[in-house]
Each structure stands twice: as C-alpha cells, then as structure tokens.
Amino acid sequence: MSRKDFMELIGGLALFLYGMQMMNSGLEAVAGSKMKQILERLTANRYLGVLVGAAVTAVVQSSSAVTVMVVGFVNSGMMTLRQAVGVIMGANIGTTITGQLIALDIGAVAPVITFVGVIVIVFLKSSAWRNVGTMVAGLGILFIGMEMMSTAMLPLRESEYFIRMMTKFSNPFLGILAGAAFTALIQSSSASVGILQALAAGGAISFSGSVYVLFGQNIGTCITALLASVGTNRNAKRTTVIHFAFNLIGTMVFTVLCMNTPLTEYVAGLTPANPMAQIANMHTLFNIGTTCLLLPLSNQLVALAVKILPEEKGCGRWGKTATDKKKETA
C-alpha cells in the first residue's frame with residue numbers, strides 16, 4: 001500500500017467514524033427523549049421488549065447507547081432485570097440495520113446526501129430541522145468514508161503479507177479475538193462491522209474469513225455497557241452479564257454452525273456479487289437467530305447473571321432488600 005493509499009484509508013476511516021457520530025447525534029436529538037419514554041413504558045412483556053429494543057436501536061443507530069440506557073433504567077429501578085433481557089436482545093437486532101444500510105450501493109449519491117444535510121444545517125434556523133440535517137449529513141459523510149476506505153484497500157489484494165495475515169482469520173479463535181479486541185477498542189460494533197465490510201468490498205478479506213471476526217465484534221461491543229455499569233447497583237451489573245452471555249453464546253453456536261454446516265456458503269450465495277451485503281446478512285442472521293434461541297430461556301439468563309454476581313452481604317437474593325426484590329421481579 002502506497003503512502004497515498006494509506007492517507008486515503010485513514011481519511012476515509014475518519015470520515016466514516018465522524019459521519020456515524022453525526023448521524024447518531026442527530027437521531028438522538030430528534031428522538032432521544034421519546035425513545036427513553038418508550039423503553040420505560042413498553043417493556044413489561046419480554047417479546048414486546050425485543051420489538052421495542054430493535055425499533056429504538058434502529059432509530060438511534062447504536063445498540064451501545066440503548067444498552068447503556070437499559071443499564072441506567074435497571075440501576076434506577078425503572079426497569080426490572082427480566083424486562084431488560086428482551087430489550088437487550090432487540091438492541092442487538094436493531095443495530096444490524098447500520099450494516100444493511102452500508103451494504104446498499106449508494107456511494108455515487110453520497111455527496112448529494114451530504115450536500116442536502118449541510119444545506120439544511122446552514123440555512124434553516126429551527127433546531128429540529130438542524131438535527132435532521134445533522135443526521136442526513138452524517139449519513140452522507142459515512143458513505144463517503146466507506147467509499148474512500150474501499151478504494152484505498154484495493155491494492156491490499158496484491159499484498160502477500162496482508163493476504164497471509166487475513167488468512168489467519170479463517171482460524172475461528174483468532175478471528176473472534178481480533179473482532180472482539182478491535183470493537184472493544186473503538187466501542188462501536190456498527191463502526192467495526194462497517195470497517196469489516198470495507199475490507200471485504202476491497203477484496204482484502206474473504207467472506208469465510210470475515211464471519212469469525214464478525215462474531216467477535218458482537219462480543220467486543222459489550223465493553224461499552226460494562227464501562228457504563230461501573231458504580232451501579234448489583235442488578236445493573238447483572239444486565240451487562242446478560243448482554244455478554246447473549247453474544248458469547250451466540251458466537252459459540254454460530255461458530256460451530258459455520259465450521260460444521262454450509263451456512264457460510266448459503267449466506268454468501270444470497271448475494272454472491274456483494275461482499276458487504278454478505279456480511280450484513282450474516283450479522284442480521286446472527287442476532288435474530290441468537291434471539292430466537294435465547295429469548296425462551298430469558299429466565300435462565302437472569303438466573304445465570306444472579307449466580308455470577310450473587311447478592312451482597314445483607315441484601316436479598318437479587319442483590320436488593322426484600323422490598324426492592326418484590327418491585328424488581330414483579
């Protein structure tokens with residue numbers, strides 16, 4: 001890779017991350033308070049909680065943000081641990097919409113999208129419209145960054161060293177470890193999945209090698225909720241345990257499936273000419289499949305979290321007083 005390609009790569013990465021931050025900020029400003037109200041009121045049923053979690057995350061475009069909100073709600077007593085399970089699972093499904101958007105081939109119109117967003121920000125005085133403009137401009141900048149990264153990575157297909165390094169990711173353990181570490185570092189599964197899609201689009205990594213990195217990215221995203229739980233009560237910390245267990249179990253199940261069944265070939269065959277769509281589809285399948293598997297076992301996940309983080313001395317079985325326990329398990 002030449003110096004020019006490297007500069008284009010890091011420039012594209014900067015635009016991608018900044019565009020995602022702009023889009024998230026605009027979306028949260030437009031709908032953030034309403035989303036919090038929905039989360040508080042509509043999660044009594046675990047199945048409804050999944051739908052609410054998915055819808056809110058699809059709007060906010062950040063499962064980390066939704067999970068952090070859930071940790072806060074559980075910590076304040078506005079949401080029980082059992083209610084949190086469905087929302088967390090739904091958030092994992094909702095975050096896959098970002099990858100599906102990135103897989104759309106709209107790079108050619110990205111500058112137009114950015115232009116429209118900037119025009120709204122500059123010429124409209126209403127704060128509501130400016131938030132919408134920020135969201136639209138962020139989406140356009142995100143796609144421009146993706147296009148730059150994909151173009152910069154094209155020469156890597158000819159690099160023997162890079163090919164050897166990427167081939168190692170076909171080893172499930174190394175791929176999962178790399179995906180988890182990178183996502184934990186940048187604290188955004190949407191961003192790390194987008195970067196993986198850019199690698200695939202540039203031919204720098206094969207789909208069969210990327211699936212294990214993708215699974216690891218789902219584990220790495222748990223770091224944000226873990227950091228948010230510092231200083232919270234026992235039940236809030238248990239929420240992060242459930243989040244981690246969900247992604248860890250899903251990774252184990254899908255790793256076994258990819259190693260022993262033609263699942264990877266099947267997903268690749270759905271969009272054989274679009275590697276970004278292949279990754280987006282596997283990401284969606286991973287989270288929907290894991291939710292279908294674990295939602296009926298939500299009580300067992302709660303029990304596991306309680307076992308891992310048992311009650312503190314002087315508190316009830318749920319890490320609370322007897323009165324608090326009745327409130328949270330109602």
Side-chain angles (χ1 to χ4, degrees), residues 36 39-40 42-57 60 62-96 176 180 183-184 187 189 215-254 286-312 315-320 324-325 327-330:
K36 291 179 181 179
L39 276 174
E40 288 176 28
L42 299 180
T43 55
N45 180 286
R46 63 184 176 185
Y47 297 100
L48 184 59
V50 172
L51 295 178
V52 171
V56 171
T57 306
V60 178
S62 174
S63 62
S64 297
V66 174
T67 305
V68 167
M69 270 195 280
V70 170
V71 170
F73 291 150
V74 173
N75 185 57
S76 64
M78 290 189 293
M79 184 181 292
T80 69
L81 197 56
R82 286 189 173 87
Q83 285 176 298
V85 175
V87 180
I88 289 170
M89 292 182 182
N92 279 273
I93 294 174
T95 194
T96 64
I176 291 169
T183 306
Q187 292 194 37
S189 62
F215 299 156
Q217 288 170 334
N218 285 277
I219 295 176
T221 193
C222 298
I223 189 66
T224 306
L226 180 64
L227 292 173
S229 71
V230 174
T232 60
N233 64 30
R234 209 66 167 171
N235 261 2
K237 289 182 172 66
R238 288 168 180 158
T239 304
T240 66
V241 172
I242 292 171
H243 188 208
F244 179 77
F246 174 89
N247 287 294
L248 180 62
I249 293 170
T251 294
M252 293 169 64
V253 169
F254 273 82
F286 173 93
N287 284 292
I288 292 178
T290 305
T291 297
C292 291
L293 175 66
L294 294 181
L295 186 59
L297 303 175
S298 56
N299 289 339
Q300 285 77 9
L301 283 176
V302 171
L304 175 65
V306 172
K307 188 172 183 179
I308 293 173
L309 289 177
E311 71 279 2
E312 294 174 318
C315 295
R317 177 174 174 263
W318 296 89
K320 291 277 190 175
D324 289 336
K325 174 188 169 182
K327 290 180 180 179
E328 295 192 353
T329 58

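Quick note: residue numbers are just sequence positions, from 1.
With Thr96 contributing its side chain and Ile93 its backbone, the two residues share a donor-acceptor pair below 3.5 Å. At least one donor-acceptor pair closer than 3.5 Å links the side chain of Ser298 to the backbone N or O of Leu295.
Here Leu226 contributes atom CG and Lys237 contributes atom NZ; the two are 9.5 Å apart, rounded to the nearest 0.5 Å. One finds the OG1 atom of Thr240 at 7.0 Å from the CG atom of Leu309 (value rounded to the nearest 0.5 Å). Atom NE2 of residue His243 and atom CD1 of residue Ile219 lie 11.0 Å apart, to the nearest 0.5 angstrom. In this structure, Gln83 CD and Thr239 OG1 are separated by 11.0 Å, a value rounded to the nearest 0.5 Å. Between the CD1 atom in Ile88 and the OG1 atom in Thr67 there is a gap of 6.0 Å [rounded to 0.5 Å]. Distance check: Asn247 CG to Asn218 CG gives 5.0 Å after rounding to the nearest 0.5 Å.
Of all heavy-atom pairs spanning Pro296 and Cys292, the tightest one is CD-O, 3.3 Å. Val70 and Val87 make their closest contact through CG2-CG1, 3.5 Å (heavy atoms, listed as atom of the first residue, atom of the second, distance). Taking each heavy atom of Asn299 and Arg82 in turn, the nearest pair found is OD1-NE, 3.2 Å.
With sequence neighbours left out, the side chain to side chain contact (heavy atoms under 4.5 Å, CB included) criterion links Ala305 to Arg238, Val241, Ile242. Partners of Phe286 according to the ring-ring contact (aromatic ring centres under 6.0 Å, His included) rule, which considers only residues two or more places apart in sequence or in another chain, are Phe215, Phe254.
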Item to check | Steps toward side chain to side chain contact (heavy atoms under 4.5 Å, CB included) verdict (Phe246, Val85) | outcome: CA-CA 9 Å; Phe246 174 89; Val85 175; over 6 Å; no
